[in-house]
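Every chain is numbered from 1, with letters handed out A, B, ... down the list of sequences.
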Number of protein chains: 2
Amino acid sequence: MLRLSKLTDYAVVVLVRLGQPDAAGDACRDVQTSPCIAAATGIPEPTVAKVLKTLASGGLVGSQRGARGGYRLLRPLDAIPIADVIAAIDGPIALTACVEGSGNGCSTESLCPVRGRWDPVNAAIQDALGAITLADMQEAAIPRAFRIPALPPSGPALRAAE
Amino acid sequence: MLRLSKLTDYAVVVLVRLGQPDAAGDACRDVQTSPCIAAATGIPEPTVAKVLKTLASGGLVGSQRGARGGYRLLRPLDAIPIADVIAAIDGPIALTACVEGSGNGCSTESLCPVRGRWDPVNAAIQDALGAITLADMQEAAIPRAFRIPALPPSGPALRAAE
DNA sequence: CCATTCAGGACTGATAAGGTCCTCTATACC
DNA sequence: GGTATAGAGGACCTTATCAGTCCTGAATGG
């Protein structure tokens with residue numbers, strides 16, 4: 001499946017949200033709080049807090065403690081490649097245990113006919129993810145308002161009705 | 001981490017092995033059996049069987065039942081991109097639930113500012129993985145013999161003594 | 001007819017992710 | 001100075017998914 005974790009998905013949403021201070025409303029000014037972002041994105045507040053803390057550790061967002069504190073972007077959206085977000089949340093991109101840098105070795109590596117060959121694959125993916133920034137993903141956010149009203153109040157996971 | 005499953009890793013090893021009939025020895029001729037490949041790769045036999053069955057369902061390998069049966073490649077290694085292997089084992093490449101084609105919807109999608117924006121990211125990765133074939137990964141198999149003797153007899157899961 | 005080998009599924013244990021909560025510290029406002 | 005707010009940093013549990021094994025059945029060759 002080659003799926004990335006939900007947390008990373010959330011992180012992208014949260015970061016894009018942080019990059020739209022004007023859309024935040026009066027409750028959130030230059031910095032935005034976890035509850036504020038949670039309300040805006042629909043992601044549960046504890047999860048938002050967890051994501052933001054991780055992103056702060058990764059140096060993608062800055063934090064301000066105390067009353068009227070919150071989070072803010074340290075870089076503009078177009079300076080944050082997806083690869084950085086993934087690395088901050090999920091750790092360095094390593095498709096398999098064999099990829100160099102991921103410490104743990106492979107038990108069958110002495111027999112493995114593809115030893116070390118995942119590295120270029122990994123590099124190719126990293127390259128692809130490094131070329132796409134959050135700004136690229138934000139683009140789609142503009143016409144978002146045109147889609148929301150089209151949401152029918154039916155079906156649990158209905159998405160195709162547009 | 002963006003990690004792919006071990007089964008996919010195994011699949012690559014097994015497929016590369018299937019692409020080297022000359023290296024299989026007398027016990028395995030045109031077709032190779034699960035136990036044979038298991039012995040050659042060091043992967044447990046039931047797991048090899050599982051991988052091969054999955055690959056057969058995916059149309060990457062052909063199977064021959066009955067005595068003296070086994071598996072064989074349906075395409076040469078250089079005609080099998082990594083993306084196909086991943087798709088056969090792990091299903092279609094879908095980074096997030098939001099990527100089209102992955103059925104299940106996202107609960108917060110109506111608020112999500114990056115709706116549908118994972119698609120290009122996904123496409124970029126699929127593109128990168130589609131450009132690398134098993135033959136590319138096999139290349140490294142040639143100098144393998146030069147690396148094996150360098151293995152120190154320390155580690156716990158050492159199995160190279162053959 | 002029997003041995004071999006794949007097909008297909010069920011089952012179980014281990015591992016990791018997802019999510020929640022608690023306590024502590026820092027800051028702003030009264 | 002006191003209090004409310006808000007992040008820091010963990011601990012924790014719950015759940016889902018994967019990895020691995022095994023069993024039964026069907027096809028094929030000798």
Side-chain angles (χ1 to χ4, degrees), chain A residues 1-11 14 18 27-39 42-72 86 89-91 94 96-97 102 104 106-108, chain B residues 1-11 13-14 18 27-39 41-72 86 89-91 94 96-97 102 104 106-108:
Chain A
M1 61 173 71
L2 197 81
R3 175 155 302 179
L4 46 79
S5 69
K6 278 191 185 179
L7 274 302
T8 304
D9 196 1
Y10 292 159
V14 166
L18 272 179
C28 310
R29 290 152 311 261
D30 48 334
V31 297
Q32 300 185 37
T33 67
S34 299
C36 176
I37 295 176
I43 303 170
E45 192 269 331
T47 303
V48 171
K50 186 177 192 174
V51 168
L52 281 169
K53 279 184 278 191
T54 308
L55 290 174
S57 303
L60 288 179
V61 302
S63 62
Q64 178 68 29
R65 280 193 175 187
R68 307 199 49 165
Y71 294 94
R72 66 194 159 77
I86 296 175
I89 299 290
D90 285 331
T96 69
S102 72
N104 37 4
C106 160
S107 56
T108 64
Chain B
M1 58 175 72
L2 198 81
R3 175 153 306 179
L4 45 80
S5 68
K6 279 190 185 178
L7 274 302
T8 304
D9 197 0
Y10 292 158
V13 176
V14 166
L18 271 179
C28 310
R29 290 151 313 260
D30 47 333
V31 297
Q32 300 186 36
T33 68
S34 300
C36 176
I37 296 177
T41 57
I43 304 172
E45 192 269 329
T47 303
V48 171
K50 186 178 191 173
V51 167
L52 282 169
K53 279 184 277 191
T54 309
L55 291 175
S57 303
L60 288 179
V61 302
S63 61
Q64 177 69 27
R65 280 193 178 185
R68 309 200 45 167
Y71 293 93
R72 65 192 160 78
I86 296 176
I89 299 290
D90 286 332
T96 69
S102 74
N104 37 4
C106 160
S107 56
T108 63

For Asp9(B) against Leu4(B), the heavy-atom pair lying closest together: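 Looking at all heavy atoms of both residues, the closest pair is N-CD1, 4.3 Å.
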Residue-phosphate contact under 4.0 Å: Ser34(A) side-chain N/O, dA6(D) OP1/OP2: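 The answer is no; no side-chain N or O of Ser34(A) sits under 4.0 Å from OP1 or OP2.
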dA8(D) OP1/OP2 closer than 4.0 Å to side-chain N/O of Ser63(A):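 So the side chain of Ser63(A) is within the cut-off, an N or O lying under 4.0 Å from OP1 or OP2 of dA8(D).
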Please list every donor-acceptor pair under 3.5 Å in which a side-chain atom of residues 60-67 of chain B meets a protein atom from a residue at least two apart or in another chain.
none

Rounded to the Å, how far apart are [X] [atom1] and [N] [atom2]?
X: Gln32(A); N: dT5(D); atom1: CD; atom2: C1'; value: 17 Å
X: Ile89(B); N: dA19(D); atom1: CD1; atom2: C1'; value: 13 Å
X: Tyr71(B); N: dA27(D); atom1: OH; atom2: P; value: 15 Å

Matching residue for Tyr71(A) among Leu18(A), Val31(A), Val48(A) - test: side chain to side chain contact (heavy atoms under 4.5 Å, CB included):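 Going through Leu18(A), Val31(A), Val48(A) one by one, the side chain to side chain contact (heavy atoms under 4.5 Å, CB included) with Tyr71(A) is satisfied by Leu18(A) alone.
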Contact pattern, 5' to 3', of nucleotides 18-30 of chain C - B, S or - by protein heavy atom under 4.0 Å: SBS----BBBSS-
Partners passing side chain to side chain contact (heavy atoms under 4.5 Å, CB included) against Thr54(A) (at least two apart in sequence or in another chain):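 Residues passing side chain to side chain contact (heavy atoms under 4.5 Å, CB included) with Thr54(A): Ile89(A).
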Results of side chain to side chain contact (heavy atoms under 4.5 Å, CB included) for Pro35(A) - residues two or more places apart only: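 Listed in chain order: Thr33(A), Glu45(A).
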Euclidean distance, Leu7(A) CG relative to Ile43(A) CD1, rounded to 0.5 Å: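 Reported value, rounded in 0.5 Å steps: 9.5 Å.
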